[in-house]
Amino acid sequence: MGSCCSHSENREGNHQGVHQQQIIPRVIGRQQQNGNVIQDVNEQYKIYFDIIEQQFSGKGLKRTQAYKSHIDIGQIDRLRNVFWETRVEGKQEIWQILRSIINEEEETARLLVQEAELKPIKDSLQHVYDKLGQKYDVPIFCINDPIEYSNEKFEDRGLIQNYSNESLKLIIRSANLNGKDIVVECKQNQNVIDLKEIINVELQKENQIQFESMKLFYKGKDMQDNYQVGRYNLNKEAIITAYLKILPKT
C-alpha cells in the first residue's frame, strides 16, 4: 500500500488496532459519474472508516485522503481481497492491472497505467477510465493504509441488530437461470451468507450451476454477508437478484 503522509502533522498508524473477530461483509457497489460530479466510492464503506479532512496519504497516483479505521489491519486486508475478487463491472483484466499497480512504486505504476491505456481522473487511481470509456472506482482503503485506528468497534455503530426467526419465502432471479426463478425459504435472523448457502443448495439440485462467487441484491441494494436478512425489510416472496460469477467449463 502507499506510504502515509499528511499536510498537517504526520501520524503513525497503530497496527495493534482493534481485535474484533467479525466476518467482514462483501461489499460491491457500482458507482456512476453523475454529470460533472464523481460519486464517492468510499461512501459505502463509511461504517468501517472515517475520512480525515485536510490530511492525505500516499503520493502521486496513490495520493488519497487519509482515514481512520474502526477495524484492524487483518480485517482491512480481508475486505481488500473481497473487493478485488468480487468485481462484476468492467473487465477483469483491468481490475487485475489496477490491483497490481497499487503495489508498485510510482514510476512503475505510471508505466503500467500508460501500457494499459488507462486514464486516471485527477491523476488518481481512485477513479480510472479504460480505453472503451468504462469507469473503475477504487476505495481509498485498497490504496493506502489508515493513519489511525479507532477504539470504537464497528459493531457499536448500529450495525448489529437481532431479528425474529420468522420464515420468509423468497424468489431468486438470475440471468444464469434462463428466465426460470427458484424459490427458497430462510429466517429473518439468518445472515445473508446463510441465505447464499440455501440458494446454492437449490441451484445444485435444479441446475447444477458451478460458480465462483455470488452477489445478492434487493431493490438494487447489495446484501452484505454478515447482515441479518431482516435488515433489508423483505416482504414475503420478495424478489432477490443473484449475480453469479460462473466457473469456466473444463
Side-chain angles (χ1 to χ4, degrees), residues 1 24-49 51 61-62 64-65 76-103 109 112-144 172-179 192-193 195-196 199-200 203 209-227 232 239-249:
M1 296 296 115
I24 296 300
R26 298 185 177 185
V27 186
I28 283 187
R30 185 174 301 183
Q31 305 293 331
Q32 300 292 334
Q33 191 173 14
N34 180 13
N36 294 321
V37 178
I38 299 173
Q39 294 183 3
D40 188 0
V41 67
N42 302 298
E43 179 68 18
Q44 60 189 301
Y45 300 100
K46 64 183 180 181
I47 55 177
Y48 306 110
F49 310 114
I51 292 176
L61 289 169
K62 290 179 277 188
T64 70
Q65 285 185 283
I76 293 173
D77 284 339
R78 289 195 291 276
L79 191 59
R80 286 167 177 161
N81 288 334
V82 166
F83 174 82
W84 293 117
E85 293 169 7
T86 56
R87 297 299 85 203
V88 293
E89 69 277 24
K91 293 185 176 181
Q92 288 301 310
E93 56 265 35
I94 299 298
W95 286 115
Q96 292 168 9
I97 290 169
L98 287 170
R99 188 177 191 177
S100 65
I101 287 173
I102 285 169
N103 294 314
L112 291 172
V113 165
Q114 186 176 1
E115 289 176 1
E117 299 182 77
L118 300 177
K119 295 181 179 179
I121 301 175
K122 296 183 178 180
D123 202 38
S124 170
L125 290 175
Q126 287 189 83
H127 309 286
V128 177
Y129 282 100
D130 66 17
K131 63 181 180 181
L132 298 178
Q134 172 68 46
K135 186 166 173 281
Y136 300 79
D137 296 309
V138 182
I140 59 176
F141 74 87
C142 284
I143 301 174
N144 287 304
I172 309 302
R173 184 165 294 170
S174 174
N176 304 104
L177 297 178
N178 299 318
V192 171
I193 196 167
L195 173 58
K196 287 183 178 181
I199 295 171
N200 180 40
L203 286 174
I209 294 176
Q210 301 298 319
F211 57 91
E212 182 178 339
S213 62
M214 177 193 303
K215 292 302 300 177
L216 301 180
F217 293 85
Y218 178 61
K219 293 184 176 180
K221 187 173 184 179
D222 174 28
M223 301 179 70
Q224 301 179 21
D225 280 359
N226 75 329
Y227 285 178
Y232 295 94
I239 297 175
I240 306 295
T241 304
Y243 288 90
L244 307 177
K245 185 177 180 181
I246 304 298
L247 288 170
K249 295 182 179 179

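Predicted model, so just to flag it, every value in this text is computed and none were measured.
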Please work out whether the ring planes of Tyr243 and Phe217 are parallel, tilted or perpendicular, with thresholds of 30° and 60°.
perpendicular
Rounded to the nearest 0.5 angstrom, the CZ-CD distance for Arg87 and Glu85 is 11.0 Å
Here the gap from Lys91 atom NZ to Asp130 atom CG, rounded to the nearest 0.5 Å, amounts to 6.5 Å
| message | Can you confirm whether more than 12 heavy atoms, excluding those of Gln92, are under 6.0 Å from its CD atom? | response | yes
To the nearest 0.5 Å, atom CD1 of Ile143 lies from atom CD1 of Ile102 at 5.0 Å
Using side-chain heavy atoms (C-beta onward) and a distance below 4.5 Å, is Ile240 in contact with Arg173?
no
Shortest non-hydrogen pair, Ser174 vs Ala242, comes out as OG-O, 3.0 Å
For Phe83 and Val138 the tightest heavy-atom approach is CZ-CA, 4.2 Å
Residues passing the side chain to side chain contact (heavy atoms under 4.5 Å, CB included) test with Lys219, sequence neighbours excluded, are none
Checklist line | Validation row: Ile172, Thr241 side chains within 4.5 angstrom (heavy atoms) | finding: no
request  = Would you check if Ile199 and Leu216 make a side-chain contact, meaning some heavy-atom pair closer than 4.5 Å?
outcome  = yes
Could you go through Trp84 and Leu98, starting from their C-alpha distance and side-chain angles, then the distance that decides it, and tell me whether this counts as side-chain contact (heavy atoms from CB on, under 4.5 Å)?
CA-CA 9 Å; Trp84 293 117; Leu98 287 170; 4.2 Å; yes
Any side-chain heavy atom of Val128 sitting closer than 4.5 Å to one from Lys135?
no
query: Counting distance only, does the side-chain N/O of Trp95 pair as donor-acceptor with the main-chain N or O of Tyr136 below 3.5 Å?
result: no
Rounding to 0.5 Å, atoms CG (Leu118) and CD1 (Ile94) come to a distance of 5.0 Å
Residues passing the salt bridge (Lys or Arg N to Asp or Glu O under 4.0 Å) test with Glu117, sequence neighbours excluded, are Lys131
Separation between CE (Met223) and CG (Leu195), nearest 0.5 Å, reads 5.5 Å
**Request:** Given side-chain contact (heavy atoms from CB on, under 4.5 Å), test Asn81 with Arg99 step by step and report yes or no.
**Result:** CA-CA 10 Å; Asn81 288 334; Arg99 188 177 191 177; 2.8 Å; yes
* Asked: Any donor and acceptor pair, going by atom type alone, linking the side chain of Thr64 with main-chain N or O of Ile140 inside 3.5 Å?
  -> no
Here the gap from Gln224 atom CD to Asp222 atom CG, rounded to the nearest 0.5 Å, amounts to 5.5 Å
*Is Ser124 close to Leu61 at the side-chain level, that is, under 4.5 Å between some pair of heavy atoms?*
no
TODO: Measure the shortest side-chain to side-chain distance between Gln134 and Tyr129 over non-hydrogen atoms and say whether it is less than 4.5 angstrom.
DONE: no
Residue pair Gln126, Asn42: steps toward the side-chain contact (heavy atoms from CB on, under 4.5 Å) verdict:
CA-CA 10 Å; Gln126 287 189 83; Asn42 302 298; 3.5 Å; yes
**Report entry** ring-ring contact (aromatic ring centres under 6.0 Å, His included) between Phe141 and Phe49, worked out
**Finding:** CA-CA 8 Å; Phe141 74 87; Phe49 310 114; 5.1 Å; yes
Requested in this report: Would you mind reporting whether Arg80 and Ile76 have side-chain heavy atoms less than 4.5 Å apart?
Outcome: yes
For Tyr232 and Tyr218 the tightest heavy-atom approach is O-CE2, 3.6 Å
### Task
State, yes or no, whether a side-chain contact exists between Lys196 and Asp225 at a heavy-atom distance under 4.5 Å.
yes
Does Lys215 reach the main-chain N or O of Leu244 with its side chain, forming a donor-acceptor pair under 3.5 Å? no
